[in-house]
There are 2 protein chains.
Amino acid sequence: MNLRELEYLVALADQRNFRRAAEICGVSQPTVSTQLKKLEEELGVALVERVPRNVIFTAAGQEALARARRILDEVAQMRGDAARHGESGTTRLRLGVFPTLAPYLLPHIVPRFIAGFPDVELLLTEEKAIFWCVVWSRARSMPRFGLAGP
Amino acid sequence: MNLRELEYLVALADQRNFRRAAEICGVSQPTVSTQLKKLEEELGVALVERVPRNVIFTAAGQEALARARRILDEVAQMRGDAARHGESGTTRLRLGVFPTLAPYLLPHIVPRFIAGFPDVELLLTEEKAIFWCVVWSRARSMPRFGLAGP
DNA sequence: TGGTTTTACGGAAAGCGTAAATATG
DNA sequence: CATATTTACGCTTTCCGTAAAACCA
């Protein structure tokens, strides 16, 4: 199964017509036809009845359609989330500390850090052998200060 | 974007290890690597931090992961629905009537039909020129009787 | 006959595996 | 040196468009 096929299914439901559905999806009409057939074969059920001048969704088709809409909606929201993260010029900070020290250090550092730099994404790792601190920045201010340790 | 990529993302979250994630998905490990990179490029955001001996999900990655799980769950349920429809040996009946007669006929026929044959999928069409009735059956009894008209 | 969908087939693109390279401890 | 991930490259599969055929009003 493929997200593209689900788009064809939704477009076909909206248009009740293969030609217009293909137009909306920006592909040729045989593509919609073959891909929908493939989807039906994969699911093992007829999703639509091809009645001349009308496309009727079967019961199975209506269930699949509802799920397809939800799926595509989730995909759109995933893209929206990602775009938001991308735009925000997030600074990311990865911080590794000794496991033995973590319980003492982190409760002091983390809340102050989040309060001071809400836009900075904080990644914590417990490491056995090293104490290191790396800052990536794709943006303006690199908040190095205030993080040197106790 | 592709459903397969989302499966790789989820597997990687479960395993926190590219090699094991690939194994679970039944593909080679470079495939998981390249496909995940492709997904990140498409979304424009880093989803995971590749720390040696550990895979850490970024904030963006965690959001995407949650949506990926929901999407794949919907897909699984879609397959389940379809399988149920396929197994049930559904009989489908397509019935066309004159638009002028429909209001008089259907209120009598449809409820009795559904009551009598709950497993039969009923498809109604309003046609201008014909009165036709077709029954497909992939199963045992073809319920032709009781449908000849008013 | 006109409009719609399906089938057939060739070309373009994407997915994948093997092997080599890179990074890390 | 051993483990884990990425890059490179070729092969296979899938997707898609054009053209022709089938279907129906």
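FYI, side chains are in, hydrogens and waters are out, and symmetry mates aren't considered; it's all heavy atoms of this structure. Below, chain A is the first sequence line, B the second, and so on; all start at residue 1.
For D:dT6, one of the phosphate oxygens OP1 or OP2 lies less than 4.0 angstrom from a side-chain nitrogen or oxygen of B:Arg50. Taking side-chain N and O atoms only, A:Lys37 has no distance below 4.0 Å to OP1 or OP2 of C:dT5. Dashed line: the shortest gap from a side-chain N or O of A:Lys38 to OP1 or OP2 of D:dT14 is not under 4.0 Å. In terms of phosphate contacts, A:Arg4 brings a side-chain nitrogen or oxygen within less than 4.0 Å of OP1 or OP2 of D:dC16. For the pair A:Asn2 and C:dA14, the criterion of a side-chain N or O lying under 4.0 Å from OP1 or OP2 is not met. Checking the phosphate oxygens (OP1, OP2) of D:dC16, a side-chain nitrogen or oxygen of A:Tyr8 falls inside 4.0 Å.
Sorted by first and then second residue, the pairs that involve residues 72-82 of chain B and meet side chain to side chain donor-acceptor pair (under 3.5 Å), not counting sequence neighbours, are A:Glu42-B:Arg79, A:Arg67-B:Glu74, A:Arg67-B:Gln77, A:Arg67-B:Asp81, A:Arg70-B:Glu74, B:Asp81-B:Arg84.
Picking from C:dG17, C:dA19, C:dG15 the nucleotide with the shortest atom distance to the side chain of B:Thr31 gives C:dG17. Which of D:dT5, C:dT7, C:dT6 sits closest to the side chain of A:Thr34 comes down to C:dT7. Set against D:dT5, C:dT5, D:dT6, the side chain of B:Ser33 has D:dT6 as its closest nucleotide. Of the candidates C:dG15, D:dC15, C:dT5, C:dG15 carries the atom nearest the B:Glu5 side chain, counting heavy atoms from C-beta on.
Among the atoms of the strands shown, base atoms are found under 4.0 Å from some heavy atom of B:Gln29.
A:Arg19 and A:Glu23 are joined by a salt bridge, as a carboxylate oxygen and a charged side-chain nitrogen come within less than 4.0 angstrom of each other.
Cluster annotation: A:Met1 and A:Val32 are assigned to the same hydrophobic cluster (Ile/Leu/Val/Met/Phe/Trp/Tyr, side-chain heavy-atom contacts under 4.5 Å, transitive). Placement of B:Tyr8 and A:Ile71 within a single hydrophobic cluster is found when ILVMFWY residues are connected by side-chain heavy-atom separations under 4.5 Å, directly or transitively.
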